[in-house]
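Keep in mind the model is a prediction, meaning the values are calculated, not measured.
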Amino acid sequence: MVELLWLIPSLPLAGFLVLLFLGKRIGEPVAGWLGTAMVGLSFVVALVVFAGLWNQPEHTYELSLFTWIPAGSFQVDIGFLLDPLSMAMVLFVTGIAALIHLYSIGYMHGDSRFPRFFTYLNLFVFSMLMLVLGDNLVLTFLGWEGVGACSYFLISFWFEKDENASAGKKAFITNRVGDWGFMVGTFVVFFALGTVKYTEFLPLAPGIAATTATFIAFMLFIGAMGKSAQIPLFIWLPDAMAGPTPVSALIHAATMVTAGVYLMVRINPILAASASWLPWTIAIIGCATAFIAATIAIAQQDIKKVLAYSTVSQLGFMFLAVGVGGYSAAIFHMITHAFFKALMFLGAGSVIHGMHEEQDMRRMGALRKLMPVTAITFLVGWLAISGVPPFSGFWSKDDILAYALHKSPVLYVFGLITALMTAFYMSRLVFRVFYGDARWGESADAELANLDAHDQSATVDHDESDAAHAIHPHESPRTMLIPLVVLAFFSAIAGVMNLPFTEKLEFLDHWLEPVVGANQAVLHLGGGQLAFELITSTIVALTGIGLAYYVYLKKRIDARRIELPFFANGWYIDQGITAFMGGIGRKAFEMIALFDSVVIDGAVNGVGRATRGGAVRLRNVQNGYVRWYALMIGVGAVVIMAFVLTQVNF
Amino acid sequence: MTTNLPLAYLCLAAILFVIGGVGLLIRRNPLVMIMCVELMLNAVNLTFVTFGQMLNDISGQVIVFFVMVVAAAEVVVGLALVVAMSRRRPGANADDLRLLRG
Amino acid sequence: MIALGSILAQTQPLTDALGAAASTSGSAREGTVSLAGPSVDWWALAPMLILLVGGLLVLTFSSFLRGKAPRGLFSTVTVVIAAAAAISAVPLWARVQNWSSLLGWELSPAQPGAFSTVGGAVGIDGFGIFVIITLCAGVILAALLANAYLRREDMEGPEFYVLMLISAAGGVIMAMSNDLIVLFIGLETLSIAVYVMAGMHLRRSQSQESGMKYFILGAFSSAFFLYGIAMIYGSTGSTNLVEIKMFMSQVVPVQNGLLLIGLGLLLVGLAFKVSAVPFHAWSPDVYDGAPTPAVAWMAAGVKAAAFAGLVRIFVLTFSNYGATWKPMIYALAILSMVVGAALAIVQSNIKRMLAYSSISHAGFILMAVQAGSEQGNSAIVFYLAVYTFMVAGSFGIATLVGGRGDGNHQLSDYKGLSRSNPQLAIAFTILLLAQAGIPFTAGFFAKFYAITAAVNAHSTPLAIVAMVSAVISAFLYLRVIVAMFMSGGDDGNDGPEPAQSTRIRIPLSAGIALTICVVVTIGYGIVPDLLVKPARDAQPALVQFERPIANVSNR
Amino acid sequence: MIASLSTSLFASEAGSSSFPILPALVFVPMIGALIIGLIPRSRPEVARQIAIITALTTGFLSIALLVQFKTGDPGFQFVVQQTWVSSLDIKFFLGVDGISLFLVVLTGILFPIALFAAKPENDPKGYYAWLTVLMGGCMGAFLALDLFLFFLMFEITLVPLYMLIGKWGHGRRVYAATKFFLYTMLGSAFMLVSIVCLAVLAKAGDGGTISFDFVKIIASDGLAQNTARWLFLGMAIAFAVKVPSFPFHTWLPDAHTEAPTAGSIDLAGILLKLGTYGFLRYGIELFPEATVWFAPVMLTLGAIGIIYGGIVAAMQKNLKRLVAYSSVAHMGFAIMGLFALNKLGVEGSILQMVNHGISTGALFILLGFLYTRRHTYEISSLKGIAKSAPVFAGLFTLVMLSSIGLPGLNGFVGEFMILLGTFMAHRWWAVVATAGVIIAALYLLWAYQRVFHGEPDEANASFPDLNISERLVMIPLIALIVFLGVYPKPVLDRIEPSVNRVLSRMEEKVDRYNEPDTQAGSGLDLLLIEKSRESAEHGDHAGTEVKK
């Protein structure tokens with residue numbers, strides 16, 4: 001059964017090819033169904049393969065299709081490595097992707113490029129599967145870049161708007177910065193270990209010099225930072241929300257952005273072999289990312305921006321987990337996060353859809369009654385991410401915090417603060433969207449105008465606000481609701497994968513044991529400590545929710561005292577980088593271009609001009625006077641005489 | 001052979017040659033210029049004769065005849081050209097020939 | 001002195017009587033004879049005699065013609081004469097190369113290999129014969145071009161052809177001279193005729209001016225040359241190249257100041273003729289003003305003859321003085337190549353352009369001279385032969401485009417030529433690219449050969465300068481091509497109607513000439529072996545005159 | 001020595017078929033050009049047909065060559081040797097090995113496509129004639145095994161391209177054409193002197209006549225170290241100008257910008273490869289020791305080219321200029337790979353040459369389509385074309401991604417191998433050059449956004465999408481882009497033996513071949529050396545390739 005592995009990526013690829021060539025002819029609903037079916041089938045195959053994998057020794061199966069790049073000792077195969085880690089990834093990638101495909105059929109209804117959307121989505125799923133299934137770094141890089149390209153296509157899917165186009169470009173280029181690290185890391189791996197195949201070089205990792213391992217890990221970490229939106233390369237992710245919402249859900253929340261985490265977990269032997277400062281760096285960057293993104297999320301007005309920063313924040317958590325050695329915790333959180341974040345994005349999409357492309361939370365409110373299914377499923381997601389037991393997010397986040405505490409109390413405290421903020425801003429979102437007053441009527445404008453005066457960062461498009469007057473929110477079609485329900489279900493119960501109470505309940509840890517077990521930090525949680533951590537987490541989550549309740553529903557505290565402009569502007573990191581690139585960077589580029597045209601080209605043309613100029617001057621010698629010519633002959637003769645006489649030895 | 005150079009004659013010839021050359025450089029009248037060339041050729045003739053005498057070789061003298069013939073032929077052509085020129089542009093000197101330059 | 005007697009016999013065949021009076025040639029009278037007459041191998045002189053006598057006969061018989069001569073008569077006759085001269089050189093070549101048969105005829109030359117005759121004043125070697133044939137080719141091409149030109153310019157008559165034949169005879173004399181005085185006489189014969197040709201177009205002041213300038217400067221430089229001969233004579237006691245060489249092999253020559261001065265002066269005279277910088281000043285003006293077919297001849301023939309002289313004197317006779325003359329020629333070559341190329345690119349007149357480019361070409365040939373090797377010699381003759389066709393063709397096109405009055409030589413006159421006269425434009429393009437040294441043209445091989453010679457002689461820097469100057473001068477050829485093909489210039493469209501919108505009628509004779517030039521240029525570019533092999537065999541040689549009569553004594 | 005080398009170089013006499021396929025590759029286009037030249041000007045359509053027939057015939061011949069090529073053979077195959085200029089021992093000497101094979105095939109493919117992709121605006125006869133001449137010249141240059149013949153072919157390509165740019169180009173075409181011609185000619189001037197010196201020295205070496213025979217010269221072993229370096233320098237100037245390598249590149253943007261579409265395609269697709277191919281065949285193979293000596297310089301130039309070309313490209317306002325500068329960057333990769341002097345780098349470089357030919361050729365074809373519609377290349381006057389012409393935009397996207405080096409498309413494989421190979425030998429250069437991938441994305445995506453994204457204005461809203469014939473033209477290139485990206489193995493398999501041959505000869509010649517790993521002073525070096533000692537036990541250690 002496990003031999004069917006090749007089908008998993010092939011099905012979406014086939015879907016992609018069919019849609020690419022025939023998409024337009026197939027037309028709107030069918031193209032969507034086709035794409036969904038392909039991914040759904042892929043999920044089914046994945047389940048079958050999963051069942052087959054149990055019988056494999058060490059739960060590992062390798063399949064090599066053909067040699068991709070053969071060059072002497074450098075051999076790269078198109079080959080798949082199916083082990084517990086990639087199996088887990090494959091299952092949740094295909095599963096969630098199938099749901100989101102289904103959702104998109106409803107969401108993208110009526111779009112002029114409907115088939116194209118599914119073409120890209122299928123290609124994305126294919127690339128993502130290559131990323132997780134690839135048995136070597138180069139093939140992973142293929143998937144890595146493939147998802148990047150798809151992300152680019154999909155972010156700028158509605159390219160008629162310049163922001164969308166810019167956002168796509170920004171995502172791609174920022175990712176490329178990370179790719180630089182990925183490539184250099186790959187080079188070093190090959191240089192130091194002579195192969196890029198995971199199963200060959202990872203076992204060698206314990207033997208290599210710490211500095212080499214550190215360098216490899218650091219370079220790959222740079223790659224991961226780009227893809228997984230860690231500070232400072234996180235700037236692209238919030239902008240990426242310009243894409244259609246299913247894209248945000250699938251790519252920029254559930255799957256692609258977790259690729260960095262996947263990579264880090266995949267190379268855990270190298271992380272283990274590297275100098276101790278490197279895991280610390282990863283943990284600190286993860287923690288800082290989580291913290292900073294959470295503060296930013298607090299002050300966002302755009303519903304998708306909140307979710308985007310929340311994603312960044314959660315990715316920070318995952319990196320924190322990687323840094324502190326909690327690889328299985330990272331994967332655990334990755335999976336639960338995939339469920340609830342996809343859920344919330346889709347819910348947000350449903351809201352946006354129902355609100356006729358309105359994304360500003362200040363114009364929402366009290367949607368609970370108009371969109372009951374959306375609201376209820378969203379609430380599940382909210383509870384999950386806020387860390388309210390027994391929803392999945394509680395368990396996974398707690399797992400990470402446990403590892404963090406094991407490493408350092410400071411990280412733990414920061415993690416808790418971030419968790420508090422997470423609960424706060426998610427509650428803020430829920431309260432403003434689904435509760436409170438309906439602000440999507442005419443009365444909203446005056447209030448908004450008032451707000452705008454204070455808050456420059458408000459992303460309100462005044463042209464569209466006219467259209468917003470006639471908004472009549474409605475519930476979304478069934479194709480969109482089914483995925484919501486499914487995801488809500490899993491968001492609620494996914495925690496059972498890895499309950500911390502007894503060893504036996506830690507299914508995921510056991511499952512991942514062959515991959516990460518050797519390098520996983522060892523936790524010996526006594527019952528008391530466990531209880532302490534669980535209770536602390538619960539309190540923190542409830543505190544966050546309660547705080548938001550007071551601020552946004554009861555309005556006891558002025559929201560503006562919390563939603564600082566500094567946060568709203570994302571700590572000015574994005575602006576800073578943009579200003580730098582657009583200012584000094586651009587200047588530098590212009591200077592170089594100027595150098596090219598003035599100095600280098602100028603030198604060439606200058607030689608030409610100098611020759612010409614010299615010739616023009618020389619031309620004056622040929623002045624037409626015959627006596628002058630005779631003089632030239634005479635002088636020439638004299639010079640020759642002079643030379644000749646030097647040859648004479650008198 | 002160079003031990004008993006008749007330096008006086010050779011120097012005279014050289015001086016004549018230089019006079020001829022300089023004359024060509026400083027005079028503008030085409031006729032005079034032709035004469036200067038003749039002077040140069042005759043300076044060479046003197047040299048030939050001197051060397052012939054010095055080497056005790058008849059051919060030095062014989063060469064002079066050749067040179068004279070050549071010089072005569074040259075003068076013929078030169079004069080013809082001068083005539084043709086002054087027919088078209090009376091009174092023109094060598095410096096007026098400046099249509100062609102650059 | 002044998003040499004002198006032979007000169008008498010050779011330059012003035014009619015003075016046999018004089019010779020008889022002095023020395024009683026033929027049957028020797030007892031007791032009175034002390035000077036032997038020259039033994040003349042008339043076949044060896046045949047090319048020169050055919051050209052010279054042919055020219056004089058044309059002049060003579062033309063005066064008998066009543067009214068207008070038939071169209072193309074003189075031109076045809078000239079072509080025939082030149083062809084006959086060239087053909088008469090073929091047996092000589094066979095003899096020099098020691099062929100066993102020629103066209104099925106069994107040959108068994110008594111003295112195979114290079115030989116000398118007329119008392120040692122004339123030397124027949126492969127190099128000389130090659131140059132002679134090249135000169136004849138130049139005459140033929142120029143005659144074909146001149147035919148229509150002279151009619152167009154109302155200059156019909158035999159003079160042009162006669163002068164050309166006589167100057168060619170002079171050139172032939174130079175090519176086979178074995179004696180400095182013979183060389184000088186050849187040079188003068190050549191030059192005086194060419195002075196007149198330059199000034200022949202009486203209705204154009206430019207023509208007169210060019211004739212005048214050429215004459216004054218030419219006479220001036222001849223004086224230097226002659227003075228140089230005198231110095232050499234004074235220091236070596238002879239004007240015969242063989243004897244000079246022998247003299248030098250007997251004494252240690254380095255201290256000889258007179259000889260060196262003589263050498264320098266000879267160089268001045270010959271450098272003037274090949275128009276090497278800084279003795280080049282005449283050539284742009286003369287090329288510009290002279291009738292265009294005459295320029296074709298000048299560029300091809302005069303240069304070839306002058307280089308023949310240069311080789312005979314420097315490479316051959318003064319070969320062991322290389323340390324003295326090679327640096328000079330080195331410098332001249334560099335100056336010629338660079339200055340010629342640089343000045344050419346700022347010209348707007350095609351004829352001047354070609355004049356400067358011919359200076360640059362002279363530099364290339366000087367580079368081969370500087371090599372002073374067998375390979376250099378073959379490079380020289382190869383270059384000369386190829387250049388004859390390239391330059392004759394180029395000036396042939398200039399002749400046609402020049403139009404009545406011979407005045408349309410500006411670059412702008414060539415605009416749009418590709419549309420009005422595509423054949424002409426393509427032919428010119430080929431010839432120009434050949435001059436630029438683009439592969440698959442004879443010009444490339446010529447340059448390549450010269451460079452190989454230079455590199456072989458360890459003058460690599462010279463080779464590099466040569467190539468760089470070739471690039472500079474490529475710009476000038478491109479300019480012409482641009483004018484012909486891309487007349488619209490830089491604005492992207494083809495702009496207004498070009499100046500040259502009327503079709504130029506190509507006269508038959510000129511057409512033939514141009515066809516020959518283009519075919520040869522391309523043909524030798526593709527099958528260079530045809531020319532490389534003869535060029536390799538065309539080595540100069542100095543051969544001691546074998547005196548047929550034993551009892552010779554100097555007085 | 002000669003004999004043994006000859007046998008190793010021509011191991012496969014059996015591989016040569018009875019049909020003289022290599023001369024046919026050179027002469028078919030030349031003859032075609034001649035026939036076109038003889039057609040009356042009033043029948044342009046006949047000229048086009050003959051040109052197409054000629055180009056297609058040559059293309060099929062090149063593919064037949066590919067099919068018949070014996071894969072595992074490192075030597076020259078299908079060798080044809082015919083004395084041409086006997087007095088100088090110049091031979092009409094053709095042969096193909098793995099290095100030149102794909103460049104020949106590329107030539108065979110790209111020329112017909114270029115013919116189909118664009119039509120001249122005026123005087124079609126001359127256009128087609130010159131184009132076919134160019135094809136023959138390129139073929140000849142890639143196939144020549146006689147230095148002299150190579151030079152001839154290398155040089156002769158200038159003329160047709162000069163004419164194509166100067167006559168059928170646009171804008172400042174004469175300026176561009178002249179600059180191209182003179183600049184390249186200046187470069188080859190040095191090469192000619194080098195070749196002549198080499199031939200003369202080869203003569204000195206074996207005492208016989210002067211010889212230009214590549215095989216013979218390789219066999220003769222008589223070059224002094226210093227001489228070899230000078231000669232290499234002479235050759236390198238020519239090739240560096242042709243490639244063009246920074247800082248000799250300024251002719252390229254001008255030539256590209258003003259050239260007609262077919263000219264740009266062939267210039268970028270094929271002619272630039274003459275430079276890199278020359279470096280490999282007539283630089284590295286001829287002067288192994290000098291190559292090693294110059295390698296750091298060339299690597300630096302390559303790396304600078306990658307970064308610099310990208311940066312300048314980003315600042316261009318003209319789309320074609322942008323692509324031209326991107327060629328500088330891409331060819332920088334090719335240079336770098338060559339001078340990594342290991343198998344990965346050299347093979348990658350050859351692959352990169354082919355890939356660049358395909359990708360940039362395709363880009364120029366697309367730009368040609370753009371130009372026929374909008375008559376401008378100015379980025380500022382284009383906007384939102386993706387909306388009005390989705391197919392066009394889609395194809396452009398694909399080609400652009402190939403140019404960026406997206407894995408799965410052809411551009412990646414070569415670039416990755418080059419960077420990896422360079423990293424093996426000179427790691428810091430590779431680290432810097434890898435940043436080129438960021439810049440490549442930057443300039444291409446930025447330009448793409450400005451041209452294709454956004455809401456089209458009036459002029460661009462009516463931009464017609466590609467018609468059927470235009471799509472057909474693109475199909476082969478697109479297919480190659482994908483195929484070579486997914487399965488480059490057939491190509492690499494054929495390249496590898498010949499590269500091994502070149503490199504093993506180099507190792508033979510350069511006894512002190514120890515330089516790559518002795519750059520002291522960098523922390524990583526120390527640690528990697530320390531590490532390499534450890535991992536020596538792991539058998540197949542990549543570093544051994546270099547360090548031996």
> With a 4.5 Å heavy-atom cut-off, do A:Y120 and A:L154 have their side chains touching?
Replying inline: yes
Which atom pairs, one a donor and one an acceptor, fall under 3.5 Å between side chains of residues 60-77 of chain B and the rest of the protein, sequence neighbours left out?
none

> Between B:R28 and chain A, which part of the residue has a heavy atom less than 4.5 Å away: side chain, backbone, both or neither?
Replying inline: both
Distance-only criterion, 3.5 Å: show the donor-acceptor pairs between side-chain atoms of residues 140-149 of chain A and protein atoms not counting sequence neighbours.
from: A:T140; atom 1: OG1; to: A:N136; atom 2: O; distance (Å): 3.0
from: A:T140; atom 1: OG1; to: A:Y198; atom 2: OH; distance (Å): 2.6
from: A:W144; atom 1: NE1; to: A:D179; atom 2: OD1; distance (Å): 2.8
from: A:E145; atom 1: OE1; to: A:R176; atom 2: NE; distance (Å): 3.3
from: A:E145; atom 1: OE1; to: A:R176; atom 2: NH2; distance (Å): 2.4

> CZ of A:F182 to CG of A:L137: how many Å apart, nearest 0.5 Å?
Replying inline: 5.0 Å
>> Check this for me: does any side-chain nitrogen of one of B:D96 and B:R89 sit under 4.0 Å from a carboxylate oxygen of the other?
In response: no
> If you draw the axis of the six-membered ring of A:F157, does the NZ or CZ of A:R113 fall within 45° of it and under 6.0 Å from the ring centre?
Replying inline: yes
> Taking non-hydrogen atoms and a cut-off under 4.5 angstrom, which of residues 9-21 of chain B neighbour chain A?
Replying inline: none
> Is chain A contacted by the side chain of B:L97, its backbone, both, or neither, given a heavy-atom distance below 4.5 Å?
Replying inline: backbone
>> Can you tell me which portion of B:L25 sits under 4.5 Å from chain A's heavy atoms? Options are side chain, backbone, both or neither.
In response: both
Under 3.5 Å, which donor-acceptor pairs link side chains of residues 570-584 of chain A to any protein atom two or more places apart or in another chain?
from: A:W571; atom 1: NE1; to: A:T295; atom 2: OG1; distance (Å): 2.9
from: A:Y572; atom 1: OH; to: A:N569; atom 2: ND2; distance (Å): 3.1
from: A:D574; atom 1: OD1; to: A:K170; atom 2: NZ; distance (Å): 2.9
from: A:D574; atom 1: OD1; to: A:T578; atom 2: OG1; distance (Å): 3.3
from: A:D574; atom 1: OD2; to: A:K170; atom 2: NZ; distance (Å): 2.9
from: A:Q575; atom 1: NE2; to: A:N569; atom 2: OD1; distance (Å): 3.4
from: A:T578; atom 1: OG1; to: A:D574; atom 2: O; distance (Å): 2.7

